[in-house]
A.B. asks: 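Please find one structure pasted underneath; my questions will follow.
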Amino acid sequence: MDQLKERILREASILNQDVLKLDALLNHQVDPLLTQEMGKEFARLYAESPITKVITVESSGIPVAYATALALGVPLVFARRKKTLIADPDAYCERVPSFTKGIVTDIMVSRQFLSPSDTVLFIDDIIANGDAARGLIKIIERSGAKLAGLGVVVEKSFQAGARTIREQGVRVESLVRIASLEGGKIRFE
Ligand code: 5GP
C-alpha cells in the first residue's frame, strides 16, 4: 500500500532504533478512510479463505480489524486485556509481555465467541517480537477454531515476530514491511 507508506513517512516518528511512534495513524488517532482501505486490502488478500470471524486484541487493533470485518461481512471479536487475575472458567486466557509498556498483561476471549466451526482471520496493528500474536494464536488453537492467517498493518521485519509465526506454518500478510529504523530513517523492504 503506497498510500500507507507515504503516510508513515509523513506522520510517524522514530522513538529509537526499535520503536516507531504511529500515534497519528494507528495508536491514538485513526483516519477512517485510510483504515477502510486497509480493511479492504486484508479482505482481498484473504478472499479465498472461508472466514467466519475477524479477531484482534484491544485496543489499537480494533479499527483496522473492524474495517476488515466490515469488508468481509463477518463479526469482529476483540480479545480483552484483563485487569484481574481471577480465573474465568468461561474464557480462554493467555499472559503476554507488552513490547511497548514493558509489562505483562493477560488477554482473554470468552468461550462463547470462538468455536471449532469458526475460521478466523487475526488482524493486528504492528508486529515486533510476536508475543501478543502468539498469545492470541494459542487462544485460537485452544478453542478449536481454524486460523486462516494473520494480517498486520506494519511488520517490523528486523524483529523476529512475523518470521517465527510464519515458521509455525501460519500465513502472515503485512501491508507495510519496515526493514530498519537505524540512523533515524525508516527503510521499507
Ligand atoms: P510484539 O508482541 O509483537 O512484540 O508487539 C506487538 C504490540 O506492541 C503491537 O500490537 C503494538 O501495540 C506494540 N508495538 C510493537 N512495536 C511497536 C512500535 O514500534 N511502535 C508502536 N507504536 N507500537 C509497537
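Counting starts at 1 for both ligands and their atoms, in listed order.
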A.B. asks: Has R163 got a side-chain atom pairing as donor or acceptor with S157's backbone, closer than 3.5 angstrom?
C.D. replies: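 Pair absent, no side-chain N/O of R163 close to backbone of S157.
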
A.B. asks: Of all the atoms in ligand 1, which lie at a distance below 4.0 Å from a heavy atom belonging to D131?
C.D. replies: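 By the 4.0 Å cutoff, the relevant atoms are 1 (P), 2 (O), 3 (O).
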
A.B. asks: Look at atom 5 (O) of ligand 1 and say which protein heavy atom is nearest, naming residue and atom and giving the distance to 0.1 Å.
C.D. replies: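 Result for atom 5 (O) of ligand 1: F99 CB, 3.4 Å.
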
A.B. asks: Among all protein heavy atoms in this structure, tell me which lies nearest to atom 4 (O) of ligand 1, with the distance rounded to 0.1 Å.
C.D. replies: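 So the nearest neighbour among protein heavy atoms is N129 N, 2.8 Å.
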
A.B. asks: Inspect the surroundings of CD in E48 and state if more than 12 heavy atoms from other residues, nucleotides or ligands are less than 6.0 Å away.
C.D. replies: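 At most 12 heavy atoms, drawn from other residues, nucleotides or ligands, come within 6.0 Å of this atom.
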
A.B. asks: Specify side chain, backbone, both or neither for I126, according to which of its non-hydrogen atoms lie closer than 4.0 Å to ligand 1.
C.D. replies: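 Within the 4.0 Å criterion, I126 contacts ligand 1 through backbone and side-chain atoms alike.
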
A.B. asks: Could you check whether R171 makes a cation-pi contact with Y46, meaning its NZ or CZ is under 6.0 Å from the centre of the six-membered ring and within 45° of the ring axis?
C.D. replies: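 Yes, R171 sits over the ring of Y46.
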
A.B. asks: Tell me, which protein residue and heavy-atom name are nearest atom 14 (N) of ligand 1, and how many Å apart are they?
C.D. replies: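 Protein heavy atom with the smallest distance to atom 14 (N) of ligand 1: T100 CG2, 3.7 Å.
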
A.B. asks: If every non-hydrogen atom of I178 is compared with every non-hydrogen atom of F158, which pair is closest and at what distance?
C.D. replies: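 Scanning both residues, the minimum pair turns out to be O-CD2, 3.5 Å.
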
A.B. asks: Can you tell me which residue pairs pass the side chain to side chain donor-acceptor pair (under 3.5 Å) test with a partner in residues 120-129, sequence neighbours excluded?
C.D. replies: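 Qualifying pairs, neighbours excluded: N27-D125.
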
A.B. asks: Quick check: does any side chain N or O of K156 sit under 3.5 Å from a backbone N or O of L20, one acting as donor and the other as acceptor?
C.D. replies: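 Checking the backbone N and O of L20 against the side chain of K156, no donor-acceptor pair under 3.5 Å is found.
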
A.B. asks: Could you tell me whether A128 and ligand 1 have an N or O pair separated by under 3.5 Å?
C.D. replies: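 Looking only at distances, the answer is yes, because the N/O contact criterion of under 3.5 Å is met.
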
A.B. asks: With heavy atoms of D18 as the reference, note each atom of ligand 1 found under 4.0 Å away.
C.D. replies: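 Under 4.0 Å from D18, ligand 1 has these atoms: 19 (O).
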
A.B. asks: Between the side chain of K146 and the main-chain N/O of P116, is any donor-acceptor distance below 3.5 Å?
C.D. replies: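 Yes; judged by distance alone, with no hydrogens or angles, the pair exists.
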
A.B. asks: Tell me whether D125 has any N or O atom under 3.5 angstrom from an N or O of ligand 1.
C.D. replies: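 Yes, since at least one N or O of D125 sits under 3.5 Å from an N or O of ligand 1.
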
A.B. asks: May I ask you to list the atoms of ligand 1 that are less than 4.0 angstrom from any heavy atom of G130?
C.D. replies: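 Those of ligand 1 that fall under 4.0 Å from G130 are 1 (P), 2 (O), 3 (O), 4 (O).
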
A.B. asks: With heavy-atom distances below 4.0 Å as the criterion, list the atoms of ligand 1 near L20.
C.D. replies: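 Taking each heavy atom of L20 in turn, ligand 1 has 18 (C), 19 (O), 20 (N), 21 (C), 22 (N) under 4.0 Å.
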
A.B. asks: What residue and heavy atom of the protein are closest to atom 19 (O) of ligand 1, and at what distance?
C.D. replies: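 The protein heavy atom lying closest is K156 NZ, 2.7 Å.
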
A.B. asks: Heavy-atom count check: over 12 atoms from other residues, nucleotides or ligands less than 6.0 Å from F78 CZ?
C.D. replies: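 No.
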
A.B. asks: Find all atoms of ligand 1 within a distance of less than 4.0 Å from any non-hydrogen atom belonging to A132, and give their numbers and elements.
C.D. replies: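 Answer, ordered by atom number: 2 (O).
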
